[in-house]
Amino acid sequence: MSESKTENIKWMKRALFLASLGNGKTSPNPMVGAVILDKDKNLISEGFHHKVGMPHAEAMAFNNLKKDARGGSMFVNLEPCCHHGRTPPCVDKIIGSGIKKIYISIQDPDKRVSGKGIELLKEAGIQVHLGLCKKESLELNKAFIHRNITNKAFGVLKWAMSIDGRIGLKNGKSKWITNEESRSLVHSFRAEFDAIIVGGNTLRKDNPLLTTRGSKDPEPLRVVFTKSLDIPLNSKLWNCDVAKTLIIYDSSTANERFLTRIPECVEVEKVSSDNPVLISKILAKRGCNKVLWECGPKLATSAVKSGCINEIISFISPKILGGENSMNPFVDFGFNEMDEIIKLKDSDLSLIGNDMCLKSSLKNQF
Ligand SMILES: NC(=O)c1ccc[n+]([C@@H]2O[C@H](COP(=O)([O-])OP(=O)(O)OC[C@H]3O[C@@H](n4cnc5c(N)ncnc54)[C@H](OP(=O)(O)O)[C@@H]3O)[C@@H](O)[C@H]2O)c1
């Protein structure tokens, strides 16, 4: 590899690192980082998109400029925007700066921008190089890309189970299967998500809090999906000072008299069936790129069947719960042949004390 290619990769990786600092805070926007070099290839500025409503990465980099950028180059992990959104178009700033060369990792999947930003830069006489560190950029912004292409939120399903594959005893008791370190990791990793979803039964049985315990401000939206609307009068989720809560109910089966149990601060949306895709679409429309499904076996199975889940995170603890009727992470998928079963890919295993954390992807992410 030539010296300049190695240098270019180094700068794009720096832009990707900066972009990742916005993880969990930029939705509905992507994570973007930008680096500016002068005409002698010295670093003169960098910036990243901190959170929605704040300037884009390119604008931040121009705000931080230490020297004139004329004749220099820029590295950015996503195609610069060319439309007036919450902030002015970045393409205009880049053209106005006198930068001669721009390295862009991937095109923006947003139809308002896709390819158009690149065209405008080329028309202004800027050399555009597309595709540097493409794989890493696709990985970093996979949730944003998924939402733009499918109009669904990128779904991660998480559960905690014993070594014998049980998520609770037959009487429903499950506190605690995993160790304290795993549980505190779950609290902080929730900060990567825009919403956390449970089913009505988990709400009734566990009365969960579903927060990051302060790692994220504002906390992710807490979502309950219910067919019956038979929700408890008292729940930790009704305290909206801690985090917002949204109840989504299936109006074809719910008893709408129970609506009076819902406190005023809690938002309510109704859908026409119990298909979890409807939740995924509602949340995508509200700007959620990435959502965490922390539901029990029934809703988890429906969510997988309906294509709402892209990744699975399983915490596995070396404990034996036993019992024919103890709870599994899923109910029956109705498979009769081994070639029907769901095969996961890209597995990654880590140890948390004496627990294991296995992350895997489902096929066909986009
Ligand atoms: N170990 C773990 O990681 C873990 C994680 C989560 C839960 N759990 C345990 O799981 C148990 C609850 O299991 P569960 O399967 O009943 O979970 P759930 O998360 O409550 O999901 C089922 C509920 O979701 C609602 N729902 C809406 N649409 C649905 C659909 N298409 N398919 C299925 N459900 C739909 C229904 O609520 P309504 O009944 O209100 O209509 C249904 O009862 C609890 O004991 C909890 O402790 C364990």
Side-chain angles (χ1 to χ4, degrees), residues 155-179 182-183 185-187 189-190 195-210 222-233 235-237 245-259 261-262 266 268-283 291-309 312-317 319 321 323 325-334 352 355-358:
V156 177
L157 172 64
K158 173 244 135 195
W159 68 78
M161 69 178 189
S162 60
I163 197 84
D164 56 337
R166 307 299 190 191
I167 65 160
L169 297 173
K170 65 177 173 205
N171 59 14
K173 289 185 182 166
S174 60
K175 284 183 180 155
W176 297 107
I177 292 175
T178 48
N179 64 32
S182 299
R183 298 198 308 270
L185 186 73
V186 168
H187 296 152
F189 114 106
R190 281 177 181 155
I196 303 171
I197 305 156
V198 293
N201 207 21
T202 296
L203 174 71
R204 288 188 292 273
K205 291 209 160 148
D206 295 358
N207 189 15
L209 183 58
L210 302 180
R222 302 175 295 187
V223 182
V224 180
F225 192 26
T226 170
K227 293 202 270 195
S228 64
L229 248 183
D230 184 9
I231 48 151
L233 278 171
S235 160
K236 289 179 190 157
L237 301 198
T245 302
L246 167 68
I247 293 190
I248 303 179
Y249 72 93
D250 172 3
S251 60
S252 71
T253 49
N255 181 349
E256 290 184 322
R257 277 185 310 173
F258 292 144
L259 282 169
R261 293 182 185 172
I262 304 173
V266 171
V268 183
E269 286 217 31
K270 64 176 167 183
V271 286
S272 55
S273 83
D274 68 353
N275 190 338
V277 160
L278 298 172
I279 314 188
S280 190
K281 288 191 169 167
I282 284 177
L283 294 177
V291 300
L292 182 63
W293 296 75
E294 287 205 44
C295 41
K298 291 192 195 112
L299 186 51
T301 307
S302 303
V304 169
K305 276 186 180 169
S306 58
C308 293
I309 305 299
I312 287 183
I313 302 186
S314 177
F315 286 85
I316 308 156
S317 189
K319 292 180 184 117
L321 267 65
N325 299 317
S326 297
M327 273 189 293
N328 299 312
F330 297 106
V331 293
D332 197 6
F333 279 99
I352 303 135
D355 286 350
M356 287 164 272
C357 176
L358 181 66

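First listed ligand is number 1; within each ligand, the first listed atom is number 1. Heads up: numbering here begins at 1 and tracks the sequence.
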Problem set entry | Protein residues having a heavy atom less than 4.0 Å from any atom of ligand 1 | Trp159, Ala160, Ile167, Gly172, Ser174, Gly199, Gly200, Asn201, Thr202, Arg204, Lys205, Asp206, Phe225, Thr226, Lys227, Ser228, Asp274, Glu294, Cys295, Gly296, Pro297, Lys298, Leu299, Ser302, Met327

Exercise. With sequence neighbours excluded, what pairs up with Ser252 under the side chain to side chain donor-acceptor pair (under 3.5 Å) test?
Worked result: Asp250

Exercise. With a 4.5 Å heavy-atom cut-off, do Thr245 and Lys236 have their side chains touching?
Worked result: no

Exercise. Are there more than 12 heavy atoms of other residues, nucleotides or ligands under 6.0 Å from atom NZ of Lys281?
Worked result: no

Exercise. Ser174: what forms a side chain to side chain donor-acceptor pair (under 3.5 Å) with it, not counting sequence neighbours?
Worked result: none

Problem set entry | Main-chain N/O of Pro208 paired with Asp206 side-chain donor or acceptor, under 3.5 Å | no

Exercise. Sequence neighbours excluded, which residues qualify as side chain to side chain donor-acceptor pair (under 3.5 Å) partners of Ser280?
Worked result: none

